[in-house]
Chemist: 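To start, I am sharing the structure in question, which I have written as structure tokens.
Side chains are part of it too, since the values below use all heavy atoms of this structure and drop only hydrogens, waters and symmetry mates.
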Amino acid sequence: MAAHVETPQDYVRRLLGYVEGKDALSVLATTPIRLRTIVQDASLATLRRQPAPDRWSAAQIMAHLSDAEMVIGYRFRLILAHDGIDLQAYDQEEWARNLRYEATDPLESVELFEAARNGTLRLLRRVDPKRHDNFGMHPERGRETVAHMIRLTAGHDLNHLGQIEGLIGSAR
């Protein structure tokens, strides 16, 4: 029996499920704090331990979150300034491999994430709230409004925080 391949629609449903009943902007605001606490409390060896050769370590997930935050911040800016703009997808596995996520410093990843996230939050709070209805066209997921992307990003945060906390907990 073939393994289930997650479709873009499955992915969106899964991420939105993590944020159901939660305030997405609050999730976005607390993620850097949770990440910083994890980095301060866990050893570097624990953060770099991969559960399997094809599975990311907590440090690699933190590097991914940092890069993803730069991408989403750019997408928010594009859409807020240019309603209906086309967005570009990226292959996170290629980024992880070619940008050498395994060699990243987890604290540096969290610091970059925190700076980018704080800028994103200030932007989202500063613009006219009507602009949260602006949308971009994602090549895999289709039309996505800023409001939808806020919820999707919060779900992305919760998904990866759960993975990181699971990896840290299993190492103890």
Chemist: Closer than 3.5 angstrom, by distance alone: can the side chain of Arg151 be matched with the main-chain N or O of Leu16 as a donor-acceptor pair?
Modeler: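 Side chain of Arg151 to backbone of Leu16, a donor-acceptor pair under 3.5 Å: no, none is there.
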
Chemist: Just by distance, do the side chain of Asp10 and the backbone of Thr7 share a donor-acceptor pair under 3.5 Å?
Modeler: yes

Chemist: Give a yes or no answer on whether the side chain of Asn159 reaches the backbone of Leu15 with a donor-acceptor pair at less than 3.5 Å.
Modeler: no

Chemist: If hydrophobic clusters are built from ILVMFWY residues whose side chains come within less than 4.5 Å, do Trp56 and Leu161 share one?
Modeler: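 Yes, one cluster joins them.
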
Chemist: Take atom CZ in Arg100; do more than 12 heavy atoms of anything else shown fall under 6.0 Å from it?
Modeler: no

Chemist: May I have the step-by-step check of side-chain contact (heavy atoms from CB on, under 4.5 Å) for Val27 and Asp23, ending in yes or no?
Modeler: CA-CA 6 Å; Val27 171; Asp23 178 72; over 6 Å; no

Chemist: Considering only heavy atoms from C-beta outward, does the side chain of Ile79 approach that of Ile85 to under 4.5 Å?
Modeler: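 Touching, per the 4.5 Å side-chain cut-off.
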
Chemist: With heavy-atom distances below 4.5 Å as the criterion, would you say the side chains of Trp95 and Glu93 are in contact?
Modeler: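 No, side chains not in contact.
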
Chemist: Would you call the rings of His160 and His64 parallel, tilted or perpendicular, where under 30° means parallel and over 60° means perpendicular?
Modeler: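 His160 and His64: perpendicular rings.
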
Chemist: Can you name the closest pair of heavy atoms from Ile168 and Ala42 and give their distance?
Modeler: CD1-CB, 4.0 Å

Chemist: Output the distance between atom CZ (Arg48) and atom OG1 (Thr46), rounded to the nearest 0.5 Å.
Modeler: 12.0 Å

Chemist: Any sub-3.5 Å donor-acceptor pair from Arg131's side-chain atoms to Leu80's backbone N or O?
Modeler: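 It does hold such a pair.
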
Chemist: What's the shortest heavy-atom distance between Thr145 and His148, and which atoms?
Modeler: OG1-N, 3.0 Å

Chemist: Should Arg75 and Val146 count as side-chain neighbours, where that means a heavy-atom distance under 4.5 Å?
Modeler: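 SC-SC contact between Arg75 and Val146 ruled out.
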
Chemist: Rounded to the nearest 0.5 Å, what separation is found between the CD atom of Glu140 and the OH atom of Tyr11?
Modeler: 10.0 Å

Chemist: Between Val19 and Ala154, which heavy-atom pair has the shortest distance, and what is it?
Modeler: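 That would be CG2-CB, 3.6 Å.
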
Chemist: Can you tell me if OH on Tyr90 sees more than 12 non-hydrogen neighbours from other groups inside 6.0 Å?
Modeler: yes

Chemist: Rounded to the nearest 0.5 Å, what separates atom NZ in Lys22 from atom CD in Glu20?
Modeler: 8.5 Å

Chemist: Are the side chain of Gln60 and the backbone N or O of Ser57 linked by a donor-acceptor pair below 3.5 Å?
Modeler: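 It does hold such a pair.
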
Chemist: Would a 4.5 Å heavy-atom cut-off, applied to side chains only, mark Leu152 and Arg141 as touching?
Modeler: yes

Chemist: Mind checking whether Leu65 and Ser109 have side chains closer than 4.5 Å, heavy atoms only?
Modeler: no

Chemist: In terms of side-chain geometry, is the basic nitrogen of Arg97 or Glu102 positioned less than 4.0 Å from the acidic oxygen of its partner?
Modeler: no

Chemist: Look only at the side chain of Arg77 and the backbone of Ile72, and say whether a donor-acceptor pair between them is shorter than 3.5 Å.
Modeler: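 Not at all, since once roles are kept as given, no pair shorter than 3.5 Å links the two residues.
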
Chemist: Below 4.5 Å, heavy atoms only, C-beta onward: do Ile164 and Leu35 meet side chain to side chain?
Modeler: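 A side-chain contact exists here, since the closest heavy-atom pair is under 4.5 Å.
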
Chemist: Are the side chain of Arg49 and the backbone of Leu167 linked by a donor-acceptor contact shorter than 3.5 Å?
Modeler: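 Such a contact is found between Arg49 side chain and Leu167 backbone.
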
Chemist: Does some side-chain heavy atom of Asp67 sit less than 4.5 Å from a side-chain heavy atom of Gln92?
Modeler: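 No, their side chains stay 4.5 Å or more apart.
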
Chemist: Heavy atoms only: give me the nearest Ile150-Ala24 pair and the separation to one decimal.
Modeler: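 Heavy atoms of Ile150 and Ala24 come nearest at CG2-CB, 3.8 Å.
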
Chemist: So which atom in Gly84 and which in Met137 form the shortest heavy-atom distance, rounded to 0.1 Å?
Modeler: O-CG, 4.3 Å

Chemist: Please tell me whether Glu69 and Ser66 have a donor and an acceptor in their side chains that are separated by less than 3.5 angstrom.
Modeler: no

Chemist: With a 6.0 Å cut-off (strictly less than), is the heavy-atom count around CD of Glu94, excluding the residue itself, greater than 12?
Modeler: yes

Chemist: To the nearest 0.5 Å, what is the distance between OH (Tyr101) and CD1 (Ile61)?
Modeler: 11.5 Å

Chemist: With the 4.5 Å side-chain cut-off for hydrophobic clustering, are Phe76 and Val127 part of the same group?
Modeler: yes

Chemist: Please evaluate residues Arg34 and Leu158 with respect to the criterion side-chain contact (heavy atoms from CB on, under 4.5 Å), reporting the C-alpha separation (whole Å), side-chain torsions for both, the decisive distance (0.1 Å), and the verdict.
Modeler: CA-CA 10 Å; Arg34 289 178 67 183; Leu158 294 173; 3.8 Å; yes

Chemist: Examine distances only and state if a side-chain atom of Thr37 and a backbone atom of Ile33 form a donor-acceptor pair shorter than 3.5 Å.
Modeler: yes

Chemist: Applying a strict under-4.5 Å side-chain criterion to I, L, V, M, F, W and Y, I'd like to know whether Leu87 and Leu123 cluster together.
Modeler: yes

Chemist: Decide whether Met70 and Tyr74 are clustered together by the hydrophobic rule: side chain heavy atoms of Ile, Leu, Val, Met, Phe, Trp, Tyr closer than 4.5 Å, transitively.
Modeler: no

Chemist: If you round to the nearest 0.5 Å, how far is CZ of Arg14 from CD of Gln9?
Modeler: 13.5 Å

Chemist: Would you check, one step at a time, whether the test side-chain contact (heavy atoms from CB on, under 4.5 Å) holds for Arg55 with Gln50?
Modeler: CA-CA 6 Å; Arg55 302 293 309 228; Gln50 284 185 254; 5.6 Å; no

Chemist: How many angstroms lie between atom OG1 of Thr30 and atom CZ of Arg117, to the nearest 0.5 angstrom?
Modeler: 9.0 Å

Chemist: Report the C-alpha distance between Leu28 and Thr120 in whole Å, list the side-chain angles of each, state the deciding distance to 0.1 Å, and finish with yes or no for side-chain contact (heavy atoms from CB on, under 4.5 Å).
Modeler: CA-CA 9 Å; Leu28 296 182; Thr120 297; 5.9 Å; no

Chemist: Does some side-chain heavy atom of Gln40 sit less than 4.5 Å from a side-chain heavy atom of Leu107?
Modeler: no

Chemist: With hydrophobic residues grouped by side-chain heavy-atom distances under 4.5 Å, do Leu112 and Val71 end up in a single group?
Modeler: no

